[in-house]
Amino acid sequence: MAAQSYDIVTVGGGVAAAAFAKAMAERGAKVLILERERRFKDRVRGEGLVCWGVAEARQLGIHDLLKQGCGHELPLVESGAGQRDLTLTTPHRLPVLSFPHQHMQEVLLAAAENSGVEVRRGVSVELVEPGPAPAVLVDGRSHERIPTRLVVAADGRGSPARKWADFAVSEQSNGYYMAGVLLSDIQASPDTLYYVFNPDLGMCIGLIPLGKNRSRAYFMYPKSTGYRLQGENMLDLFLTESPKAYSPLADYYSGAKCIGPLASFDVSDVWVEHPYRNGVALIGDAAATTDPTFGQGLSLALRDARILSTELANDSDWDRAANRYAEQHRRYFHACHTVEGWSRTLFQDPSPEAAALREKAMPLIAQDPSRVPDHIFSGPDLPLNDEVRARFFGER
Ligand SMILES: Cc1cc2nc3c(=O)[nH]c(=O)nc-3n(C[C@H](O)[C@H](O)[C@H](O)COP(=O)(O)OP(=O)(O)OC[C@H]3O[C@@H](n4cnc5c(N)ncnc54)[C@H](O)[C@@H]3O)c2cc1C
């Protein structure tokens, strides 16, 4: 069946695709979003947009939409060693913005549609054909083939589109699981993000208030524990194990009610070094799935949306523009990846080798907390070099 042609077709309609499509439609491009879900539901996904991601949202012109449509601001972070006010201590002077992920998706998709993007829901992409005249094939009886100038694959973790388009994928296995569940009636501060590591146990907890008496509770733990916290019958174990990492949780969770599924994930990193080739660009998790323990995925997705849309708007040669996006992606992704690796070693890794590194580094960090590279909250544009590493590990 012959189909209409578009400047851009996106595979998926999550945060990366919706933010990018909106930006391109506002610049006059004819954009089609293909999203397989008719209605988004709780999949246990990112709900804390860190400060540098909030700055990205502002630059994309979606910050007010998110804040008013579904957002809740968290100016404070509790790390177990005291509170930090992000609005005073980050370069952007911004809080974390939290939201229920599925509501955020609806808000952004509606905003894309209002900007002129055509959105088709309940449509699953079955194949991407790369090349100088790329196309997307969708399911259904019609076996529709949709030609386009550029395919933007934003189909999330495990992205089949990156395989269809023949991208080489790199992977780093990390030895932890991350479990998450939505709770109500938590007895904790509603404007504080709780983010506490316990390296002796190899554990970390995250507690993200979402407003309206809802909080997303996370628990990261070593795969060597032998259990997988998934499904209703593992909830009690989730609620008793996570306070081992941070004891105040026992009180916070005492009257809690479970209001969503309990799911857990392997936190391994999966990425493509150069996320553009042959008429197909990858953005969001399809380009790089980072360890969610460090909460960088949403911010990276918005950075991808901003950089790719800016490059395409500034160059009529889209092959050249998309290659420039991919070069920039490599730099900012690797900055996040590197700092996450250092932080995992110093704050989470229970091995004797990591404990020895902590013995040297932690007293110096206690004296001067600025030794900790702040890329997680302040973004990948902060300096990153041997000097930064040496200060963090107490070698200088
Ligand atoms: C447990 C967990 C906690 C996290 N916590 C945080 C956090 O606190 N902060 C943070 O910044 N990040 C966090 N992240 C990461 C964050 O959720 C992701 O980086 C972000 O959702 C990526 O957005 P995306 O648009 O690339 O992909 P997705 O959000 O996965 O969207 C992909 C979309 O594509 C659609 N799709 C897929 N395949 C097809 C197809 N064939 N055809 C049509 N549609 C398709 C899907 O239905 C989906 O809507 C977390 C991740 C996990 C797993």
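Ligands are counted one by one from 1 in listed order, and the atoms in each one are counted from 1 as well. What you see below is based on every heavy atom in this structure, not just the backbone, and it leaves out hydrogens, waters and symmetry mates.
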Open item on the list: Does the residue Gly180 have a heavy-atom contact with ligand 1, meaning some pair of atoms that are separated by less than 4.0 Å?
Closed with: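 Flag not set, Gly180 not near ligand 1.
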- [ ] Using side-chain contact (heavy atoms from CB on, under 4.5 Å) as the criterion, point out the one residue from Ile186, Ile259, Val181, Leu182 that pairs with Ser215.
- [x]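 Only one of Ile186, Ile259, Val181, Leu182 forms a side-chain contact (heavy atoms from CB on, under 4.5 Å) with Ser215, namely Ile186.
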Task: Passing option when Ser124 is tested against Asp139, Val11, Leu34 for side-chain contact (heavy atoms from CB on, under 4.5 Å) - done: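 Of the listed options, the one satisfying the test is Asp139.
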Rounded to the nearest 0.5 Å, what separation is found between the [atom1] atom of [X] and the [atom2] atom of [Y]?
{"X": "Phe393", "Y": "Leu346", "atom1": "CZ", "atom2": "CG", "result": "5.0 Å"}
{"X": "Ile208", "Y": "Leu74", "atom1": "CD1", "atom2": "CG", "result": "8.0 Å"}
{"X": "Lys67", "Y": "Leu49", "atom1": "NZ", "atom2": "CG", "result": "13.0 Å"}
{"X": "Glu129", "Y": "Leu137", "atom1": "CD", "atom2": "CG", "result": "5.0 Å"}

Task: salt bridge (Lys or Arg N to Asp or Glu O under 4.0 Å) evaluation trace for Glu387 with Arg396 - done: CA-CA 8 Å; Glu387 169 73 19; Arg396 216 166 278 175; 2.4 Å; yes
Which of the ligand 1 atoms, numbered from 1, are nearer than 4.0 Å to a heavy atom of [X]:
{"X": "Pro292", "answer": "2 (C), 3 (C), 4 (C), 50 (C), 51 (C), 52 (C)"}
{"X": "Met178", "answer": "1 (C), 3 (C)"}
{"X": "Ala16", "answer": "25 (O), 26 (O)"}
{"X": "Glu37", "answer": "47 (O)"}
{"X": "Gln105", "answer": "49 (O)"}
{"X": "Ala154", "answer": "32 (C), 33 (C), 34 (O)"}
{"X": "Phe40", "answer": "49 (O)"}
{"X": "Gly284", "answer": "26 (O)"}

Task: Intermediate values then yes/no, side chain to side chain contact (heavy atoms under 4.5 Å, CB included), Arg344 and Asn174 - done: CA-CA 9 Å; Arg344 191 181 298 108; Asn174 302 318; 3.3 Å; yes
Backbone, side chain, both or neither: what part of [X] comes under 4.0 angstrom of ligand 1, heavy atoms only?
{"X": "Leu34", "answer": "backbone"}
{"X": "Val50", "answer": "neither"}
{"X": "Met104", "answer": "neither"}

Heavy-atom nearest neighbour in the protein, as seen from [atom], with distance rounded to 0.1 Å:
{"atom": "atom 31 (O) of ligand 1", "result": "Gly14 CA, 3.7 Å"}
{"atom": "atom 23 (O) of ligand 1", "result": "Val15 CG1, 3.2 Å"}
{"atom": "atom 34 (O) of ligand 1", "result": "Gly12 CA, 3.3 Å"}
{"atom": "atom 35 (C) of ligand 1", "result": "Glu35 OE1, 3.2 Å"}
{"atom": "atom 11 (O) of ligand 1", "result": "Leu298 N, 2.8 Å"}
{"atom": "atom 15 (C) of ligand 1", "result": "Gly297 CA, 4.0 Å"}
{"atom": "atom 3 (C) of ligand 1", "result": "Tyr218 OH, 3.4 Å"}
{"atom": "atom 19 (O) of ligand 1", "result": "Asp285 OD1, 2.6 Å"}

Open item on the list: Please state which option from Glu47, Arg45, His101 has its nearest heavy atom closest to atom 21 (O) of ligand 1.
Closed with: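 That would be His101.
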TODO: Only heavy atoms count here, so choose which of Gly46, Ala263, Gly206, Ala301 is nearest to atom 16 (C) of ligand 1.
DONE: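 Among Gly46, Ala263, Gly206, Ala301, the closest heavy atom to atom 16 (C) of ligand 1 belongs to Gly46.
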Within the supplied structure, the quantity of interest is the number of heavy atoms (other residues, nucleotides, ligands) at a distance under 6.0 Å from [X] [atom1]; does it exceed 12?
{"X": "Lys223", "atom1": "NZ", "answer": "yes"}
{"X": "Glu359", "atom1": "CD", "answer": "no"}
{"X": "Asp368", "atom1": "CG", "answer": "yes"}

- [ ] Determine the sole option in Phe265, Tyr176, Tyr227, Phe197 for which the ring-ring contact (aromatic ring centres under 6.0 Å, His included) test with Tyr221 is passed.
- [x]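 With Tyr221 as partner, ring-ring contact (aromatic ring centres under 6.0 Å, His included) holds for just one option, Tyr227.
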Task: Check: Arg157 N/O within less than 3.5 Å of ligand 1 N/O - done: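 No, there is no polar N/O contact under 3.5 Å.
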Open item on the list: When you compare ligand 1 with Val125, is there at least one nitrogen or oxygen pair between them that comes in under 3.5 angstrom?
Closed with: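 Yes: some nitrogen or oxygen of Val125 is under 3.5 Å from one in ligand 1.
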Open item on the list: Check for me whether the distance between the ring centres of His337 and Trp271 falls short of 6.0 Å.
Closed with: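 For His337 and Trp271, the ring centres are under 6.0 Å apart.
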TODO: Report yes or no: is the cationic atom of Arg149 (NZ for Lys, CZ for Arg) closer than 6.0 Å to the six-membered ring centre of Tyr6, at no more than 45° off its axis?
DONE: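 No.
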